[in-house]
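A short worksheet on the structure shown next.
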Amino acid sequence: MLRKADNSASWAVAASLVLFSIGGILTTVVPPLVDSSWAKPFENSDPAKGPTGKLTQLNELQLQGRAIYVREGCWYCHTQQTRTLLADTKRSGWKGVDSPVSTPDEFVYDSPHLFGTKRTGPDLSRVGGKYDEQWHRTHFRNPRDLVQGSIMPPYPWLVENPQEFKAIVAYMQSLGRAKNWRPNEDYEQ
Amino acid sequence: MQEQLSRAEVAGASAPSGAIVHEDLSAKWFLVSAVSYFFIVGIVALVIAAKFVWPDLMGTIAPLSYGRLRPLHVNGMLFGWLLAADMGLTFYLIPRLCGVKLWSEKLGLATAGLWNVIILSAVVCLLMGWNQGLEYAELPLALDILVVVAWLMYGGNLFMTISQRKYPAMYVSIWYVMGTIVWTAFVYLTGNFAVLFTTGVNQANLNWMYVHNAVGLIFTPVGLALAYYFIPRSSNTPLYSHKLSMIGFWSLAFVYVWTGAHHMLHGPISQWLQTISIAFSVMLLIPVWAAVYNFFATMRGQWHQLRENVPLKFLMSGVVFYLLTCFQGPMHSLRAVNAIVSKTDWIPGHAHMAVLGAFSFFAIAGTYAALPKMFGKPLHSDSLANWSYWSFMMGGLGFFVTLWLGGFWQGWQWNNWAIPFIDTVVALKPVWLVRFFSGILMFLGIVLFSYNVLATALGAREQKA
């Protein structure tokens with residue numbers, strides 16, 4: 001086949017497409033068919049099996065906040081995944097409680113996905129419920145007022161737009177809360 | 001073999017009988033636009049590097065905030081500069097390798113026009129924050145469709161040229177260009193259209209398949225096509241082995257597409273898929289070493305040419321960067337290494353060595369080598385070209401090395417959770433400062449390169465008038 005392809009453009013194209021599609025199909029089409037957890041929303045009521053809770057779809061305000069998160073490119077610097085690394089569960093943890101690792105069933109409704117590739121700022125997969133609205137207001141206006149040495153850009157245009165500010169905060173408070181892992185530690189308590 | 005000349009080389013005189021005269025119009029337009037975007041987007045690159053050091057710089061203007069400029073930098077460099085330059089150079093080399101004129105210069109010019117419309121609209125969209133939220137696939141759907149149309153025009157033109165070729169045996173560069181055209185179509189459709197019908201981890205898996213193969217099956221094969229053409233051309237030495245280049249091509253075709261999931265190692269995606277992606281990432285060493293050995297063996301006994309030959313300097317440095325970046329890739333796919341460097345500043349260090357150090361170096365070399373032929377006159381200044389090489393080289397090395405070291409350092413700090421996150425940010429500030437100064441050097445390289453290209457191009461036009 002390869003010798004034939006050496007002198008024939010159509011053979012070369014056909015052969016390179018066949019080789020490409022083996023890996024292409026096995027790694028993109030097959031996995032979601034094999035692994036049902038990719039499409040099944042998280043739900044657990046048995047504490048023996050780990051954190052309890054249920055993944056719900058975002059409401060309209062939270063979705064609006066998510067769109068702002070996408071628009072402003074927050075996802076270029078903040079990941080949303082607590083990986084299977086001890087350090088990640090400690091860093092996503094809160095007040096001495098380690099965070100559970102992120103699982104595919106927590107992201108079933110996400111589009112676009114916001115897992116991210118770069119952590120210039122901290123991971124946000126479990127940030128929901130940690131900081132109240134006043135904290136976020138100050139932080140978005142100028143991050144360095146609250147966190148000395150931070151290099152996050154200021155976002156005055158979000159704070160000055162009440163609707164957008166409410167939306168982005170509502171979205172951030174929703175992050176990572178399908179799993180109920182720190183029942184008495186949130187600011188609302 | 002027939003003599004091949006460009007229209008400018010013939011310059012009004014009647015061509016020697018039997019010679020093939022290439023118009024090179026499409027190639028010229030693509031190259032000149034690509035070089036202009038290289039310069040403009042280079043400014044954006046400097047601004048975002050500066051924002052790491054001075055985070056309040058232009059901080060209160062929404063369209064100029066980091067989150068808007070970063071995708072402009074990435075898309076502008078990938079599609080405005082590198083892919084456009086690659087398209088221009090393949091419009092130059094494919095007709096020459098086939099011994100026929102480009103099938104349609106009109107279609108090629110229309111493709112160049114459409115490509116410019118796409119890039120200029122992309123600038124507006126990204127500054128306005130009209131971002132689809134998927135890496136490398138940020139552009140709105142309407143522009144994605146235009147990209148597909150432009151790609152069909154480009155691919156159709158080259159395939160028609162190849163089908164009319166005079167030489168039955170196909171040189172390896174033709175293979176890589178055909179591979180690029182076909183794979184890009186599928187990879188692009190997956191990354192920009194198929195993703196829209198999925199959510200969550202499934203979507204992320206498709207997205208990473210696209211992101212990885214945008215580099216692996218678009219910029220790698222077309223970059224290698226340039227290297228396989230211009231290394232023997234510039235050194236005036238035949239390629240070491242056609243057979244070895246075939247091994248490289250077919251292993252690339254088979255191995256690359258499996259590796260997308262290595263972007264989510266330790267993340268919320270099935271462990272077995274992570275393991276597959278690691279295994280195939282390590283196998284990438286086969287196509288890479290096959291190509292690199294071929295290039296080094298071609299240069300055996302010819303290394304002294306590097307002293308004088310600027311395109312060859314860029315080409316062989318690009319080969320070394322290609323070898324290094326493709327050694328990093330498999331190594332940081334290993335779980336133990338990934339646990340340290342993933343998500344750190346190592347990653348931009350690695351990405352820049354691939355896209356700038358390897359593939360942009362090939363494209364710059366190709367531009368320097370093809371320009372005198374296309375415009376029928378010597379390059380505006382060989383000495384400026386040499387200076388541009390050293391600016392790119394010093395800036396690039398400064399950038400790559402500090403980010404690798406900084407990335408490892410950052411990863412080790414993250415893995416010690418006794419260190420608060422903000423302290424790991426503050427610790428990296430010297431790294432980002434060095435990155436900014438390296439960026440200035442790289443930008444100086446861009447300025448010298450684009451000035452030289454435009455001076456050669458415009459000078460050529462004056463001569464005619």
[X] side, atom [atom1]; [Y] side, atom [atom2] - distance, nearest 0.5 Å:
X	Y	atom1	atom2	result
B/W432	A/T120	CH2	OG1	6.0 Å
A/T28	B/L273	OG1	CG	9.5 Å
B/R70	A/W75	CZ	CH2	7.5 Å
A/R119	B/T424	CZ	OG1	10.5 Å
B/L252	A/S16	CG	OG	10.0 Å
B/L265	A/T84	CG	OG1	9.0 Å

Report which part of [X] has an atom under 4.5 Å of a heavy atom belonging to chain A: side chain, backbone, both, or neither.
X	value
B/A261	neither
B/S163	neither
B/M58	neither
B/F249	side chain
B/I181	neither
B/W130	neither
B/D345	both
B/P348	side chain
B/Q413	backbone
B/F159	side chain
B/I419	both
B/W54	neither

Please identify, among [options], the residue contributing the most non-hydrogen atom pairs under 4.5 Å to chain A.
options	answer
B/P71, B/G260, B/S65	B/P71
B/E135, B/M246, B/Q410	B/E135
B/V53, B/V172, B/T60	B/T60
B/I276, B/I162, B/N207	B/N207
B/P168, B/A253, B/A62	B/A62
B/I422, B/I347, B/N415	B/I422

Residue pair [X] / [Y]: nearest heavy atoms and the distance that separates them:
X	Y	value
B/E138	A/Y76	OE2-OH, 2.6 Å
B/Q132	A/V70	C-CG1, 4.1 Å
B/M178	A/A9	SD-CB, 3.8 Å
B/W250	A/A12	CH2-O, 3.8 Å
B/G129	A/R71	O-CG, 3.3 Å
B/Y66	A/C77	CE2-SG, 3.5 Å

Should the heavy atoms of other residues, nucleotides or ligands under 6.0 Å from [atom1] of [X] be counted, would the total exceed 12?
X	atom1	value
B/K429	NZ	yes
A/K95	NZ	yes
B/F186	CZ	no

By a 4.5 Å heavy-atom criterion (distance strictly below it), what part of [X] contacts chain B: side chain, backbone, both, or neither?
X	answer
A/V34	side chain
A/P32	side chain
A/F115	side chain
A/E106	neither
A/P31	both

Can you confirm whether [X] sits close enough to [Y] that some side-chain heavy atom of one is under 4.5 Å from a side-chain heavy atom of the other?
X	Y	result
B/K343	A/Q81	yes
B/W417	A/T89	no
A/I151	B/F52	yes
A/H113	B/L134	yes
A/P104	B/P268	yes
A/P153	B/K51	no

Inset, instruction - With side chain to side chain contact (heavy atoms under 4.5 Å, CB included) as the test, would you mind laying out the steps for A/S150 and B/V425 before giving the verdict? - result: CA-CA 7 Å; A/S150 165; B/V425 175; over 6 Å; no
Chain B interface, residue from [options] that has the most non-hydrogen pairs under 4.5 Å:
options	result
A/P122, A/G24, A/S10	A/P122
A/S102, A/G73, A/A87	A/A87
A/R91, A/M152, A/E72	A/R91
A/P112, A/S125, A/P143	A/P112
A/G121, A/P156, A/A39	A/G121
A/T117, A/L86, A/V147, A/T103	A/T117

Legend entry - Pairing residues for B/H350 by the ring-ring contact (aromatic ring centres under 6.0 Å, His included) criterion, not counting sequence neighbours: B/H332
Inset, instruction - Give the intermediate values and the outcome of side chain to side chain contact (heavy atoms under 4.5 Å, CB included) for residues A/D35 and B/W272. - result: CA-CA 10 Å; A/D35 215 320; B/W272 62 269; 3.5 Å; yes
Legend entry - Exercise: do B/S270 and A/W38 side chains pair donor with acceptor under 3.5 Å: yes
Legend entry - Ion pair A/R144/B/D56, N-O distance below 4.0 Å: yes
